[in-house]
2 protein chains.
Amino acid sequence: MSEEGKTRPPEWHPSDADKSKFAGEVMAGKVEASPAIKVVRKPRRRPLDVDELYEGILAGNRTALARGITCVESEAPRHRVIARELLRRCLPHSGDSVRIGITGVPGAGKSQFLECIGKMLCDADKRVAILAVDPSSSVTGGSILGDKTRMENLCRDERAFIRPSPAGKTLGGVAAKTRESIILCEAAGYKVIFVETVGVGQSEVAVRSMVDFFLLLQLSGGGDELQGIKKGVIEMADAIVVNKSDGDNVQRTKVARGEYARVLHHLHPYTEGWEPQALCCSGLHGTGVWEIWEMVLKFCDKLKAENRFEDIRSKQNAKWFRSLLEQRVLEAFYSKQKESGLFLQLESDVTNGRIPVIEAVDQLLG
Amino acid sequence: MSEEGKTRPPEWHPSDADKSKFAGEVMAGKVEASPAIKVVRKPRRRPLDVDELYEGILAGNRTALARGITCVESEAPRHRVIARELLRRCLPHSGDSVRIGITGVPGAGKSQFLECIGKMLCDADKRVAILAVDPSSSVTGGSILGDKTRMENLCRDERAFIRPSPAGKTLGGVAAKTRESIILCEAAGYKVIFVETVGVGQSEVAVRSMVDFFLLLQLSGGGDELQGIKKGVIEMADAIVVNKSDGDNVQRTKVARGEYARVLHHLHPYTEGWEPQALCCSGLHGTGVWEIWEMVLKFCDKLKAENRFEDIRSKQNAKWFRSLLEQRVLEAFYSKQKESGLFLQLESDVTNGRIPVIEAVDQLLG
């Protein structure tokens, strides 16, 4: 039911002419066949095997993890069977991590910040995984390449694992796959999982519901610091970090930090008992970044001391279960409705005030 | 699915002894039989008749309107048939009004404010209806009597119509009935509809989705002005009004007003293109109350000039249709699930991390 789903342009499919032209170019050595093309050529890649994937993941093998996630993300029935089994086996080995959601408008410096904190944590012997939830990127593909390029340093670090947003038509679908990827990453021994999203839509709600700590990355602006951030995102944050606190910008970010602190003080904390913090950092120079990590640790320690850390995760699971279930039930309902014209007729009648809502519902459900 | 539904005490029913004691007292002239008692005595009251109700409502008869709403609120099958027909007939005569939602924590002075603005509008020849959405009051009955007593002056005014919150188990049910009551009130010629709610829960979301303008009534407090208000309520407001700006309190309310203005400035407006306002008023003395009405008019004029007033209402209708439909579909699903123990077993397995969510969902839906 996502809005994105409705407004998306139809997916591009290459025509036969395109395909043969491309194949010709590959043959002529003009272009290199992309990995996506290689998947199609079965003989080049061994088929996915649950035992192998499972053992590879538990051993912390990045390639096995990547292939496992590909399997989880796949819609192909045979992959789904493998994914199901893989998840079942990995689940008991998951959970020993801290899951951190990161959001912020484009340009807030999320990749720079993630690269910086990721590198710091890797150097401190913490294995870091970075996943993304961004339904829009699965259409444009833009931010995937962008992030890969921008996190170049971290990409090369063997202790880090970076994975772009899964493709998918609905936010719910994209988010479900990321949740499952978290389980595989944890089973592979990643102790810090960052889930990145874009700060401009409903994806924050999805990410908030799968992480322990939620961090909003902001910039200092001309007094209108909170502009550009969607309703409700601030209220879900456990911390707001004003990024790019470097050079001429230090004073401005401090002012913005104060402003955020004041606003946060007025809102109910999302995580009960935790007063959301406002901090500054420079993703470029690394100043303030270690303090952010210490704040996350303090947050986890507090919740664990109060026996609430696992409790919150259990509740997230229960909620996810209900939400996935309801989504499927409603999908089935609407897809049945589409066959008859009655639904659309009644919807239009109701929208234009021609018949009362209750009557339309009764007519439809009999 | 409402939380309120689960924690409610069972409804009180008078025992036979209670009834005969009360009947004895009525007979002895000690107490007057309340209108509610009269409903029980069928011979005293003519059966509900659609034609009569419809004509009475269109003629602006308050008794007909009250009986029509009772019919809409009733769960009895024969009443539902009448209600459906009544709504169908009244719908074309509805819509010519401004619908204003009012919320605020208990003690913010909602009744006092409503009485004040209601009286002002009546004196300015506007007929005013006040409806309530408060799922909790249908249990305790407390606020019903409370409001009736507190709005004593307005109650006596023939140009005003005051109706307590309908009884109902779920917020969705209560809200649906209030939406339908709005239609009847408008058909009866009420040009200003206030929908009051309590400021402490999900009911704000329900009210927000049925009104044009949403007003949050606040008090000045010791710096923590926004405490006590649930997450998100501020972000739904088209205006925050600091009440009780009288006597020693004037200065403090001005400070609070400034604080609210700052916070509002930082949030995305709920109604696109309308910057939410912060104002002061005294529901006791009436100062600032007319300014609030002028603000509401300005809001309506702006939206009408931009051809968005009706458009927003159409979207509200479409959303209500979908939401009522989905609620019914899910209700049917869960009530079927309750018969088998599988759902509860799977829910518990998922919550405790014994099986992956996706697997539980697949097991349940086959």
Side-chain angles (χ1 to χ4, degrees), chain A residues 1 83-84 87-88 90-92 94-95 176 179-180 183 223-227 229-232 234-236 259 262-263 265-268 270 310 313-315 317-318 320-322 324-326 328-330 332-333 343 346-348 350-362 364-365, chain B residues 80 83-84 87-88 90-92 94-95 176 179-180 183 223-227 229-232 234-236 259 262-263 265-268 270 310 313-315 317-318 320-322 324-326 328-330 332-333 343 346-348 350-362 364-365:
Chain A
M1 306 304 103
R84 210 64 42 89
L87 279 169
R88 190 186 297 129
C90 285
L91 192 64
S94 71
R179 283 172 179 282
E180 289 166 1
I183 294 172
D224 281 344
E225 274 79 17
L226 304 189
Q227 297 297 337
I229 278 292
K230 280 266 168 183
K231 283 197 279 271
I234 288 159
E235 299 190 323
M236 299 190 299
E259 184 94 348
R262 237 184 346 264
V263 172
H265 178 68
H266 280 125
L267 300 174
H268 265 260
Y270 185 90
E310 284 308 319
R313 285 189 175 181
S314 293
K315 279 183 187 141
N317 280 343
W320 176 23
F321 174 58
R322 287 242 174 186
L324 196 60
L325 197 59
E326 293 179 1
R328 289 269 195 91
V329 169
L330 292 176
F333 172 77
F343 174 77
L346 287 171
E347 190 173 44
S348 142
V350 150
T351 306
N352 297 313
R354 279 193 294 267
I355 62 169
V357 166
I358 185 88
E359 195 180 317
V361 170
D362 281 353
L364 204 61
L365 301 181
Chain B
R80 298 193 74 152
R84 210 65 42 89
L87 280 168
R88 190 186 298 130
C90 285
L91 192 63
S94 71
R179 282 172 180 281
E180 289 166 2
I183 293 171
D224 280 345
E225 274 79 16
L226 303 189
Q227 297 298 336
I229 278 291
K230 280 269 167 178
K231 283 196 280 268
I234 288 160
E235 299 191 323
M236 298 190 299
E259 184 95 348
R262 235 180 351 261
V263 172
H265 178 67
H266 281 126
L267 301 174
H268 263 261
Y270 185 90
E310 284 308 320
R313 285 189 175 180
S314 292
K315 279 184 188 140
N317 279 344
W320 176 24
F321 173 58
R322 286 242 174 186
L324 195 60
L325 196 60
E326 293 179 2
R328 289 269 194 91
V329 169
L330 291 175
F333 171 76
F343 174 77
L346 288 172
E347 188 172 45
S348 143
V350 151
T351 306
N352 298 311
R354 280 192 295 267
I355 62 168
V357 165
I358 185 89
E359 195 179 319
V361 170
D362 280 353
L364 204 60
L365 301 182

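Within every chain, numbering begins at 1; the chains are lettered A, B, ... in the order of the sequence lines, protein sequences first and strands thereafter.
Across A:R313, A:R262, A:E310, A:E180, the residue that shares the most heavy-atom pairs under 4.5 angstrom with chain B is A:E180. Counting heavy-atom pairs closer than 4.5 Å to chain B, the top-ranked of the candidates A:V357, A:V329, A:I355, A:N317 is A:V357.
Taking OH from A:Y270 and CD1 from A:I234, the interatomic distance works out to 15.0 Å, rounded to the nearest 0.5 Å. Atoms CZ and CG, from A:F333 and B:L325 in turn, are 4.0 Å apart once rounded to the nearest 0.5 Å.
Using a 4.5 Å cut-off between heavy atoms, B:L91 touches chain A through its side chain atoms alone. For a residue to count as touching a neighbouring chain, one of its non-hydrogen atoms must lie under 4.5 Å from one of that chain's; by this rule A:L364 touches chain B with the side chain only. Both the backbone and the side chain of B:F321 come within contact range of chain A, each with at least one heavy atom under 4.5 Å from a heavy atom of that chain. A:L87 touches chain B through backbone and side chain together, each having a heavy atom under 4.5 Å away.
For B:R88, the side chain to side chain donor-acceptor pair (under 3.5 Å) partners are A:E359, B:E85, not counting sequence neighbours. A search for side chain to side chain contact (heavy atoms under 4.5 Å, CB included) contacts involving B:S348 returns B:N352, B:R354, not counting sequence neighbours.
In this structure, B:T351 contributes its side chain and A:S314 its backbone to no donor-acceptor pair below 3.5 Å.
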